[in-house]
Amino acid sequence: MRIRTERAGDFAQIRTVVTEAMRLLPQASGTEAEIIERLRAEGALRLGLVAEEAGAVVGYLAASEARIGAESGWGLIGPLAVTPARHRQGIGRALMRAALARLRRRCKGAVLVGDPGYYARFGFRAGAGLTVGACPPRFILALPFGAEPPAGEVYHPPAFGLRQEG
Ligand SMILES: CC(C)(COP(=O)(O)OP(=O)(O)OC[C@H]1O[C@@H](n2cnc3c(N)ncnc32)[C@H](O)[C@@H]1OP(=O)(O)O)[C@@H](O)C(=O)NCCC(=O)NCCS
């Protein structure tokens with residue numbers, strides 16, 4: 001298994017992997033594959049990493065840029081998905097580690113909306129005073145690379161369709 005940047009020839013497989021993985025997540029919207037495609041179309045995808053094995057895509061991680069309040073420069077991770085037959089084999093961890101290594105060079109830190117039960121292992125923590133609309137704060141997680149993030153709304157790119165004010 002290797003982690004590499006996505007190529008156009010991967011897009012159909014990425015859609016399948018993301019759609020199948022998100023079916024297992026009750027709170028998923030079912031639009032995650034479309035979000036990725038909209039990020040690409042908007043030029044907002046900063047990182048599209050695939051986990052590839054024997055020529056097949058078995059996992060995917062997208063990262064874009066978030067503004068927190070008035071402060072830009074935060075790496076926004078998501079969606080992250082691993083093909084269901086390959087869960088619990090370290091593919092999600094490998095994608096996340098590769099993404100954090102890349103974001104560390106160019107962002108103030110990483111933020112995401114996700115399950116703290118999974119993301120705490122990478123150092124993500126809730127409680128930084130971040131909001132994403134009406135999302136419960138325990139799911140809004142940050143991993144600062146230096147200074148703590150400012151408290152405030154984590155503005156997502158339009159591709160996420162969140163219609164955030166500001
Ligand atoms: C979450 C996901 C990306 C993890 O990928 P993975 O390759 O299975 O993860 P890893 O092998 O690196 O880590 C697996 C570990 O995480 C744990 N884990 C996975 N999801 C978890 C969750 N929601 N809460 C707590 N632990 C979780 C597993 O139990 C396993 O623990 P173990 O190592 O102690 O056995 C994958 O399960 C997935 O695609 N799920 C559906 C989509 C999703 O939830 N995406 C993330 C939110 S956007």
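Side-chain atoms are counted along with the backbone in the values below, which use heavy atoms only and exclude waters and symmetry mates. We number each residue from 1, following the sequence as shown. In each ligand, atom 1 is the first atom listed, and ligand 1 is the first ligand listed.
The residues Glu53 and Arg2 are annotated as not salt-bridged, no charged nitrogen and carboxylate oxygen being separated by less than 4.0 angstrom. Here Asp10 pairs with Arg4 in a salt bridge; the nearest charged N to carboxylate O distance falls below 4.0 Å.
Annotation: the span from Glu32 atom CD to Met22 atom CE amounts to 5.0 Å, rounded to 0.5 Å.
Under the 3.5 Å distance criterion, with hydrogens and angles disregarded, no donor-acceptor pair is assigned to the side chains of Tyr60 and Gln13.
In this structure, Tyr118 and Phe122 have perpendicular ring planes: the angle between them is above 60°, well past the 30° mark.
The protein residues lying under 4.0 angstrom from ligand 1, judged by non-hydrogen atoms, are Ala21, Met22, Leu25, Leu80, Ala81, Val82, His87, Arg88, Gln89, Gly90, Ile91, Gly92, Arg93, Asp115, Gly117, Tyr118, Tyr119, Arg121.
A donor-acceptor contact shorter than 3.5 Å is absent between the side chain of Arg46 and the backbone of Ser64.
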